[in-house]
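Numbers here simply count residues along the sequence, with the first being 1.
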Amino acid sequence: MTKMSIGAAFSETFAFLKANWMQMLMWVGGALVVVGLLGYLFLGSTFAAMAMSPNDPSLIMGAFGKISLFALVAAVIFYGVSMLIWRGGMHPGEAPNFAWAFQAGPALAFGMIVIMIAAYIVIFIVMFILTLIFGAALGGMGGLSPAALESGGAGAIGGGAILLMVLVYIAVIVFLLWVQGRFMVAGPVMAERLTRNPVTGLSESWRLTGPSQWVIVGFYLLFTICLFVYALVAGMIFGGILGAVAGGSVVGAMLTMIVMAALVYLPIIMISFSMPVGVYRAIAPRASGDVFA
């Protein structure tokens, strides 16, 4: 276990992507096709019925149930595929272990859901406490009294409240990035050890990321910004070109969506799958026997 540098994480991420892009393209592309077909089968008729009867509460409740089920199925597929990608990349030439991947993937997904629920509970408690503290402070200082409002105190209170909200919002984002960073390498750990136990991956990830936790947060934030900029610019370029060529037809719109998915969103997904292994290799370079070649 070593302290990570952002440069090493970037290098390892793109080394993994370079060595395994064909395998990733196959697995991720196949998963997108399967999820797309399932989405059409699960939700196509539901959305059409909702469009016909937008005020029917029974349709809304039914749609919510179907969307939740579809999201669960999609998560199982993508987490299982991610396990296949990580294991195959760290152990080239090994036959895909579908039985393990589609048990370990959902197990990790469940573990991450529990952690994120706990994180949001912490956020809710902290927000509630801050509301009580600052609400009592403003009331105790007479900040909401008629005299204060008449003398311009409302503007000061409003400005202070806005600043506080911005600071709290930034703190929440940083906290969630920190949580994601501390458990980022749980999947690669499980793939390396071929375990189905998410506790093993999550606890080992917590241990490994400890010395580099804030560097990982910075890497995560920087990578997210880069991906957002790429998606924005590429979407504008390809969307504008394809939109002009398609001429507004239905077939043209479908082709535009397919091309956008292939040229914009698929590379982003592949890079996102490479990031956990990149961080894992940067903080534990001798922890696995994989060779990116």
Counting only N and O atoms by type, is there a donor-acceptor contact under 3.5 Å from the side chain of [X] to the main-chain atoms of [Y]?
X: T195; Y: M190; value: no
X: S212; Y: V215; value: no
X: S203; Y: T200; value: yes
X: Q103; Y: A99; value: yes
X: W86; Y: F273; value: yes
X: S11; Y: G7; value: no
X: S82; Y: Y79; value: yes

**Message:** With side chain to side chain contact (heavy atoms under 4.5 Å, CB included) as the criterion, how do L25 and M270 come out once you've worked through the C-alpha distance, each side chain's angles and the decisive distance to 0.1 Å?
**Reply:** CA-CA 7 Å; L25 185 64; M270 292 169 62; 4.2 Å; yes

Using 0.5 Å steps for rounding, measure from the [atom1] atom of [X] to the [atom2] atom of [Y].
X: I125; Y: I129; atom1: CD1; atom2: CD1; answer: 7.0 Å
X: F102; Y: R196; atom1: CZ; atom2: CZ; answer: 13.0 Å
X: L227; Y: I268; atom1: CG; atom2: CD1; answer: 5.5 Å
X: Y280; Y: T13; atom1: OH; atom2: OG1; answer: 14.5 Å
X: Q180; Y: L221; atom1: CD; atom2: CG; answer: 13.0 Å
X: L177; Y: I216; atom1: CG; atom2: CD1; answer: 12.0 Å

Kindly give the heavy-atom pair with the smallest separation between [X] and [Y], and that separation in Å.
X: I6; Y: G218; answer: CD1-C, 4.3 Å
X: A31; Y: F78; answer: CB-CE2, 3.9 Å
X: P188; Y: M90; answer: O-CE, 3.3 Å
X: M4; Y: A9; answer: SD-CB, 3.7 Å
X: A74; Y: V35; answer: CB-CG1, 4.2 Å
X: M116; Y: L176; answer: CE-CD2, 3.8 Å

Would you indicate whether [X], at its atom [atom1], is surrounded by more than 12 heavy atoms from other residues, nucleotides or ligands within a distance under 6.0 Å?
X: W21; atom1: CH2; answer: no
X: Y120; atom1: OH; answer: no
X: M26; atom1: CE; answer: yes

Does one hydrophobic cluster hold both [X] and [Y], with members joined at side-chain heavy-atom distances below 4.5 Å?
X: V199; Y: M184; value: no
X: M22; Y: L266; value: yes
X: F98; Y: L38; value: yes
X: Y220; Y: V229; value: yes
X: V217; Y: I173; value: yes

Close side-chain approach of [X] and [Y], heavy atoms under 4.5 Å:
X: V168; Y: V126; value: no
X: V189; Y: F183; value: no
X: W27; Y: N20; value: no
X: V185; Y: T209; value: yes
X: I121; Y: F124; value: no
X: V122; Y: F175; value: yes

**Prompt:** Passes side chain to side chain contact (heavy atoms under 4.5 Å, CB included), I269 versus L32? Steps please.
**Reply:** CA-CA 10 Å; I269 294 174; L32 285 174; 4.0 Å; yes

**Request:** Please determine which of I115, V114, I113 meets the side chain to side chain contact (heavy atoms under 4.5 Å, CB included) test together with I117.
**Result:** I113

**Request:** Walk me through it: do L17 and F14 pass the test side chain to side chain contact (heavy atoms under 4.5 Å, CB included)?
**Result:** CA-CA 5 Å; L17 179 63; F14 284 104; 4.0 Å; yes

**Message:** I want to know whether F223 and F10 have ring centres closer than 6.0 Å.
**Reply:** yes

**Asked** Can H91 and L194 be said to form a side chain to side chain contact (heavy atoms under 4.5 Å, CB included), step by step?
**Response** CA-CA 11 Å; H91 294 271; L194 208 63; over 6 Å; no

